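Here is the structure we will look at.
Source: prediction; values computed, not measured. Each chain gets a letter, A, B and so on, in the order the sequences are listed, and its residues count up from 1.
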There are 2 protein chains.
Amino acid sequence: MIVFFDYAPAMKLIPSLRQLRYLIAVVDLRHFGQAAEACLVSQSTLSAAIQELEDLLGAKLLERTKRSVLPTPLGLEIAARARALIKGAEDIADIAAAAREPLSGPLRLGMIPTIGPFIVPRAMPELRKRFPKLKLFLREDQTARLLSQLENGEIDGALIALPYPIDGFDSATVARDRFSVVFPPNHRKAQAAGIRASELALEELLLLEDGHCLRDHALAACSLESARRNEGFKGTSLYTLVQMVANGLGVTLLPQIALDAGILRGLKLPVLTLEAETPYRDIGLVWRRGSGQARTLAAVAGAFKEIWPSAG
Amino acid sequence: MIVFFDYAPAMKLIPSLRQLRYLIAVVDLRHFGQAAEACLVSQSTLSAAIQELEDLLGAKLLERTKRSVLPTPLGLEIAARARALIKGAEDIADIAAAAREPLSGPLRLGMIPTIGPFIVPRAMPELRKRFPKLKLFLREDQTARLLSQLENGEIDGALIALPYPIDGFDSATVARDRFSVVFPPNHRKAQAAGIRASELALEELLLLEDGHCLRDHALAACSLESARRNEGFKGTSLYTLVQMVANGLGVTLLPQIALDAGILRGLKLPVLTLEAETPYRDIGLVWRRGSGQARTLAAVAGAFKEIWPSAG
DNA sequence: GAGCATAATCGAAAAAAACGATCATATAAA
DNA sequence: TTTATATGATCGTTTTTTTCGATTATGCTC
């Protein structure tokens with residue numbers, strides 16, 4: 001019986017994480033000197049390590065042209081895999097740290113702009129209470145960017161609105177966030193008990209600019225096409241959107257979380273729920289599959305779920 | 001702007017592949033001395049490395065009880081991730097080797113017993129001609145074991161019958177393999193032009209023993225329940241199955257690939273195709289997702305596809 | 001051609017890894 | 001209980017790997 005797997009290094013010569021780390025730096029920075037600086041080693045050290053790696057693999061990974069250095073296709077491919085490997089090693093360190101002291105250490109959370117400002121003031125104190133040893137770093141960005149930051153290991157988790165294509169990520173649903181319609185003061189529909197989605201098509205519907213998932217979710221919820229909409233007025237945040245409505249420019253859809261946070265405070269704007277359909281988005285916490293922080297994030301998701309206004 | 005990712009090792013202390021390799025050995029063998037031997041290092045070296053690792057991670061990975069060593073849950077978890085990491089590093093070496101000289105080097109292929117013996121004699125000469133620099137190592141086993149061997153990196157690819165749950169693997173379909181019914185000589189149905197699956201239920205249907213996917217595929221193809229079958233006669237290979245049919249013990253289903261290979265040579269057994277339904281299995285080549293041999297395997301799959309009897 | 005920037009090269013120093021021998025301790029055998 | 005055995009930790013030394021600083025070679029810019 002042939003045994004294929006062996007613990008001996010002689011079986012298969014594999015590159016070291018050290019060599020791969022240096023390769024990544026050069027591929028990213030396209031410069032040996034700068035890469036060496038970033039790695040906190042001398043240029044000669046890095047140069048030697050890269051050559052070792054090329055010798056070991058028996059292939060050119062970098063094209064040196066005396067004026068600039070360019071990764072070969074193979075070099076790029078290997079650098080990409082190397083990134084995943086190093087992330088895997090970091091994950092090991094993470095889960096060990098988490099096992100040593102659960103729910104502690106730094107946790108870098110991203111949130112989309114239509115959630116963050118409204119949930120943070122309410123949730124942060126409670127999270128601090130529940131996870132006193134956790135050091136929460138928050139960042140606000142749009143879904144697509146947050147996911148790419150997750151992928152790059154720049155953040156550990158992200159609070160986003162679903163549905164959204166999140167293949168390759170793990171997630172936990174936190175809450176369901178329903179949409180309501182906000183009218184200008186004295187709008188002709190303001191006295192109604194509710195409104196139908198089909199009626200909305202006749203209104204001047206104000207939405208966030210492209211890139212905000214709330215825009216797409218709101219349109220989808222009301223079965224409206226983006227192309228049909230008057231594109232003249234787009235808000236850059238829910239706050240500006242509300243101001244536009246208050247000025248009579250049109251109506252808009254707001255998520256419950258924003259209403260709960262008092263976004264309309266001081267304004268006398270009629271709010272109507274949509275009849276029958278009750279459009280909504282789901283709020284979910286997502287993280288990179290295999291992340292060393294998975295356990296912590298699941299706990300945080302659970303906390304969010306309990307803290308969420310609609311759950312309280 | 002906070003930069004999270006850094007090339008410096010100081011950012012995040014990560015374990016080395018060397019340390020992880022030693023850990024895997026101890027977790028597998030539950031013995032420092034034997035693990036050291038397997039790793040081709042002294043026991044003291046391995047012992048020190050494991051301690052380094054535990055120090056670095058700040059957690060106990062192994063429970064030493066003076067008489068035996070037992071991995072902690074964390075140790076097991078980390079060993080599992082370490083295995084994936086080392087496989088990733090080997091993949092890097094593989095794709096570099098493949099890039100250096102495409103379609104060369106050793107390739108360890110597994111095949112299920114109801115395919116291997118029939119396609120190998122026909123395909124091997126052709127494969128040798130097309131990929132003269134490839135060193136093909138073949139192994140025969142049942143699907144479940146082949147997949148586990150793929151997962152463990154003991155083989156690079158496997159030729160199996162689909163459908164089969166292959167989540168986490170990549171695959172390429174090679175051919176469609178239809179089933180025919182083989183009767184004993186002088187069977188009452190032998191003169192018919194075809195037979196319906198429903199009629200098969202009345203026959204003494206001989207199948208391979210449990211574990212062979214052909215058994216399940218054949219039953220599924222004819223919409224028969226395994227539980228209903230007379231379990232008195234089970235063959236250990238298609239050859240013994242054919243002998244049983246020849247001896248009048250019942251009928252059986254054979255895949256076209258076996259018929260093409262002349263499994264009935266010398267025997268005068270009537271073969272009928274199934275009417276209307278044309279039951280079949282698909283033959284596919286599968287490999288571990290991210291395997292360094294992916295490109296080579298895709299090429300081999302393509303070759304199989306062209307070589308396959310039904311395609312010729 | 002002078003000056004600058006870049007990566008390769010070299011010898012020496014520092015750090016990491018490995019070894020063999022020994023020790024401590026728990027279990028098994030006498 | 002005493003002795004023998006097995007196992008992993010520890011220690012000092014040797015070997016190997018990694019790193020550094022200085023220098024060199026080469027191509028660009030002025």
Any side-chain N or O of [X] under 4.0 Å from OP1/OP2 of [N]?
X: S47(A); N: dA8(C); value: yes
X: H31(B); N: dA6(D); value: no
X: Y22(B); N: dA18(C); value: yes
X: S42(B); N: dG20(C); value: no
X: T45(B); N: dA17(C); value: no

How close or far is atom [atom2] of [N] from atom [atom1] of [X], stated in whole angstroms?
X: K60(B); N: dG8(D); atom1: NZ; atom2: P; result: 13 Å
X: L17(A); N: dT18(D); atom1: CG; atom2: P; result: 12 Å
X: L62(A); N: dT6(C); atom1: CG; atom2: P; result: 16 Å
X: F32(B); N: dT10(D); atom1: CZ; atom2: C1'; result: 13 Å
X: Q43(A); N: dC20(D); atom1: CD; atom2: P; result: 11 Å
X: I50(A); N: dT9(C); atom1: CD1; atom2: C1'; result: 16 Å
X: L70(B); N: dG8(D); atom1: CG; atom2: P; result: 12 Å
X: E63(B); N: dG8(D); atom1: CD; atom2: P; result: 13 Å

Check your understanding: Between CG of D210(B) and CZ of R215(B), what distance do you get to the nearest 0.5 Å?
Key -> 5.0 Å

Check your understanding: Do S47(A) and S44(A) have a side chain donor and acceptor closer than 3.5 Å?
Key ->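 The criterion, which ignores hydrogens and geometry beyond distance, is not satisfied for S44(A) and S47(A).
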
Please tell me which of the listed nucleotides, [options], lies nearest to the side chain of [X]?
X: Q51(A); options: dC20(D), dT9(C), dA7(C); value: dT9(C)
X: V69(B); options: dA17(C), dC19(C), dG8(D); value: dG8(D)
X: R64(B); options: dG8(D), dC19(C), dC20(D); value: dG8(D)
X: R18(B); options: dA18(C), dA7(C), dG8(D); value: dA18(C)

**Study point:** Of S44(B) and E52(B), the one whose closest DNA chain C nucleotide lies more 5'
**Key:**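 In this pair, the answer is E52(B).
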
Check your understanding: Near E52(A) CD, under 6.0 Å, is it more than 12 heavy atoms from other residues, nucleotides or ligands?
Key -> yes

**Study point:** side chain to side chain contact (heavy atoms under 4.5 Å, CB included) partner of L23(A), chosen from L57(A), L46(A), I78(A)
**Key:** I78(A)

Review point. E90(A) and K87(A): salt bridge (Lys or Arg N to Asp or Glu O under 4.0 Å), yes or no, with the steps?
Key: CA-CA 5 Å; E90(A) 289 175 346; K87(A) 245 177 294 179; over 6 Å; no

